Amino acid sequence: MTSKKTASSQSFPAGSDAFPHRHLLGIAGLHPWEILFLIEEAKQWVDLNKKSSKHANKLDGLTVINAFFENSTRTLLSFEIAGKRMGADVVNMHAAQSSIKKGETLIDTAVTLNAMKADAIVIRHGSSGAVQLIADKVDCPVLNAGDGSHEHPTQALLDALTIQRRKGEISGLTVTICGDVMHSRVARSNIYCLTTLGAKVRVCAPPSLLPAALDRFNVEVFTNFDEALAGSDVVMMLRLQNERMNGDFIPSPREYHYLYGLTRERLKLADKDALVMHPGPMNRGVEIDSDVADDPAQSAITEQVEMGVAVRMACLDILTRKSRAVEGWS
Amino acid sequence: MKRIFTNARLILPNAEQPQSGRLVADGDRIAVADDGTDDQAGETIDCKDRLLAPGIVDLGVFAIDKPAFHYGGITRAALMPDQAPVLDLPAIIRHQAVEGKPDLWSHPIAAATKGLDGKQLAEIGLMKRSGAKAVATGRQWIADSGLMLKLMQYCRSLDLPLIVHSEDAGLTAGAVATNGETATRLGLTSATAAAEAVSIARDIALVRETGAHVHFRQVTTRDGLDLIRAAKSENLPVTCGITPAHLLLSDIAINDFRTFTRLSPPLRSEENRLACIAAVKDGTIDVIASGHDPRGAEDKRLPYAEAAPGMAGAETLLALSLTLVRDGTISIGRLFELLSTNPAKILAVDAGLLRPGYQADFILVDEDSPWQVDARKMAAAAGNTPFDGLPVQGRVTTIYKGGRAF
């Protein structure tokens, strides 16, 4: 099967063949039809989320633990709302209050979470590979909500869903990803997702924030933002962490804005209907100007947040189908 | 009392292939090692056509781990100063120098700087008197070139080799992998492999200035090896070593975040790995060592970047190195130069060679015997081997230290 057409979920094989994975740890390694299946399944929840009563009961009686070892507000909130709208009992574990600070190893924490018989665990951790380490030790499905600079799969799925809604077919679009690619899990997951679905992906970053061997990722690499923008259908800006702005990687925020900030003027280099995206939270005036971010005609930034809940509802649904003995998923 | 080892295939000095013959040990020394058969009075031991090779001298281990050393045929191990406490005082060296006797001799390596902090010279002269055979910078690079110059001058005057770690810390700060596709895919902080050549280039310039013998403990890149090769052609007193991991694995092995593959220096690209094999073949590399560093679950069952670097290598050192012989890269005689003779020469101890008058440290080896590396069943203090599950060939059947079997 190719990524040429966006098929409806009815055209996928019934049951677990459509997504035969126990966990969702990353986009790397997923087939295009598996990515499309997740996106398709999310669409029903987009509609539900617009209604006044936003409750589905698919996950009634199930316990979902959101184990966040790294601070997060919006992703945690998004997963919590997603779990609750699906009817699950959602528990949040914050690292700041947990025994991790008391020296307990990650494996011990994983074993503890497992003993509490969660039906799904959503994990965010600051270290690449940490989520996989936990997933190997627990009996229930694990969703990666971001691990170090490795992957953030639900972000890539919600971005793909947003692009699909605004631009139609993803295949053939030119998508430019700009910012701190070196440290960005969002960039990696999006590169895998968009190239797998047939988009032409351009990656732009200051040379000090460009990871090695990007030429092996089926993307075009730029250090000049103006050149990267030319003719782009989608412009995806990445967040620049505050601690990297003051001389370690780039000289200053204002120099970064001069070279890599998305301004109204610069956006004119892209396609006239180009879609502007940002995973948030934004540094207004650094990587993106407010007038660009807040323009409803071109900016999809709030729509990304909306799609995030729907995508996470779909992921929780699909990954728990086996334990819920949904027909065809045993 | 004399003991005569007959029916052996001996690895004799400067011979590429084993020579059928006998070895006579008189007390703790070798009396005869040749192809003769004439009888001498004494106890006779039939070696059953096994390989009789000099005991392995493992240059630069991080723990004295007797069961693993026995299994691996290691009769002497030079212990890196990175211990708790650091080997930076004469008394600590003296204590460590008798650790392991009689069946294993450990040669403590003196810390180059106090506490290995890279700032102040340690009492190298006094530590030499206490038994230190070499000086080392430990796991890290000394950034201060002025201090490095003084260190080399000092080592030169005391006639001690200086063992260095070759990674420019300014380039490798925070890195746990080598720049490349694998590190980028995994989202691991990585550094350019040029960090090695940068540091070797500086140290060679200082060798040229001081005449000190510098041993680059692990050289793992093409550019680093090119620098060593050029320095050797200038007759500068430099030597270098490597571990089997860097000869047999490339950075692809870190996929799946397997922390047993977290090493220092990190695994390199396939291109660099092949350059290392070529350097073993052409003689640029002088030493193959285990870098033995057993690490338990508390150091290794962690996210990749948080895990401690290091591998348990003593038991697999010989079997993995024998693949170089089977592949036709080097002869078996050359292999034992790399494993035994050259490290002993660097430490200036009369071992590592089947030569009359030398210590009767040798091993009997069944070089074709097959076995499988199993991290859960290792003799070592911990089973952190990047070769877990690999079928290998060659094992030590008996180990003799000072003429006695252990």
Side-chain angles (χ1 to χ4, degrees), chain A residues 25-29 69-70 100 103-111 123 125-137 144 146-153 180-189 191-192 203 205 208-219 221 244 248-249, chain B residues 169-196 221 250-262 265-272 295-309 375 382 384 386 388:
Chain A
L25 302 180
I27 300 292
F69 299 90
E70 189 183 70
I100 291 293
E104 184 178 82
T105 70
L106 195 56
I107 299 276
D108 290 339
T109 308
V111 170
I123 302 167
H125 196 285
S127 203
S128 302
V131 176
Q132 183 181 315
L133 192 66
I134 297 177
D136 291 344
K137 299 287 168 203
N144 183 358
D147 63 324
S149 309
H150 178 223
E151 284 238 39
H152 191 353
D180 180 1
V181 180
M182 178 182 273
H183 300 98
S184 176
R185 53 196 174 212
V186 175
R188 283 175 180 75
S189 289
I191 288 171
Y192 299 135
V203 171
S208 57
L209 291 172
L210 208 51
L214 267 188
D215 53 313
R216 303 276 302 148
F217 287 69
N218 197 19
V219 297
V221 182
R244 305 204 170 103
D248 274 2
F249 288 90
Chain B
L171 288 168
T172 59
V176 298
T178 308
N179 277 356
E181 183 184 348
T182 308
T184 298
R185 282 195 191 280
L186 296 180
L188 294 174
T189 308
S190 60
T192 169
E196 181 175 282
T221 64
S250 68
D251 62 352
I252 294 168
I254 72 176
N255 253 318
D256 249 13
F257 300 101
R258 290 170 59 207
T259 57
F260 287 0
T261 63
R262 167 125 158 72
L267 291 170
R268 306 298 193 187
S269 66
E270 181 67 5
E271 184 201 0
N272 278 318
R295 296 277 189 170
E298 67 282 9
D299 287 329
K300 285 292 191 182
R301 273 173 59 179
L302 294 168
Y304 198 88
E306 294 164 28
N384 51 312
D388 189 22

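Quantities reported herein were computed from a predicted structural model and do not represent experimental measurements.
Of the atoms belonging to A:Ala130, heavy atoms from both backbone and side chain fall under 4.5 Å from chain B. No part of A:Arg185 comes within reach of chain B, as not one of its non-hydrogen atoms sits under 4.5 angstrom from that chain. Using a 4.5 Å cut-off between heavy atoms, A:His183 does not touch chain B at all.
Residues of residues 176-185 of chain B lying under 4.5 angstrom from chain A, judged on non-hydrogen atoms, are B:Asn179, B:Gly180, B:Glu181, B:Thr184, B:Arg185 in numerical order.
Once rounded to the nearest 0.5 Å, the distance linking CD1 of A:Ile123 with CD of A:Gln132 reads 11.0 Å. Here the straight-line distance linking atom NE2 of A:His125 with atom CD of B:Glu306 works out to 5.5 Å at 0.5 Å rounding.
Checked against side-chain contact (heavy atoms from CB on, under 4.5 Å), B:Ala308 has the following partners two or more places apart in sequence or in another chain: B:Arg295, B:Asp299. Judged as a side-chain hydrogen bond (donor to acceptor under 3.5 Å, both in side chains), and not counting sequence neighbours, the contacts of B:Ser269 are B:Asn272. Partners of A:Asn218 by side-chain contact (heavy atoms from CB on, under 4.5 Å), not counting sequence neighbours, listed by chain and number: A:Thr195.
Among the candidates A:Gly148, A:Ala28, A:Gly129, A:Gly26, the residue making the largest number of heavy-atom pairs closer than 4.5 Å to chain B is A:Gly129.
Across all non-hydrogen atoms, the minimal contact from B:Ile254 to B:Leu186 is O-CD1, 3.5 Å.
One N or O on the side chain of B:Asp388 and one on the backbone of B:Ala375 form a donor-acceptor pair closer than 3.5 Å.
Between A:His150 and B:Phe257, the ring planes are perpendicular. Angles over 60° get that label, and only those under 30° would be called parallel.
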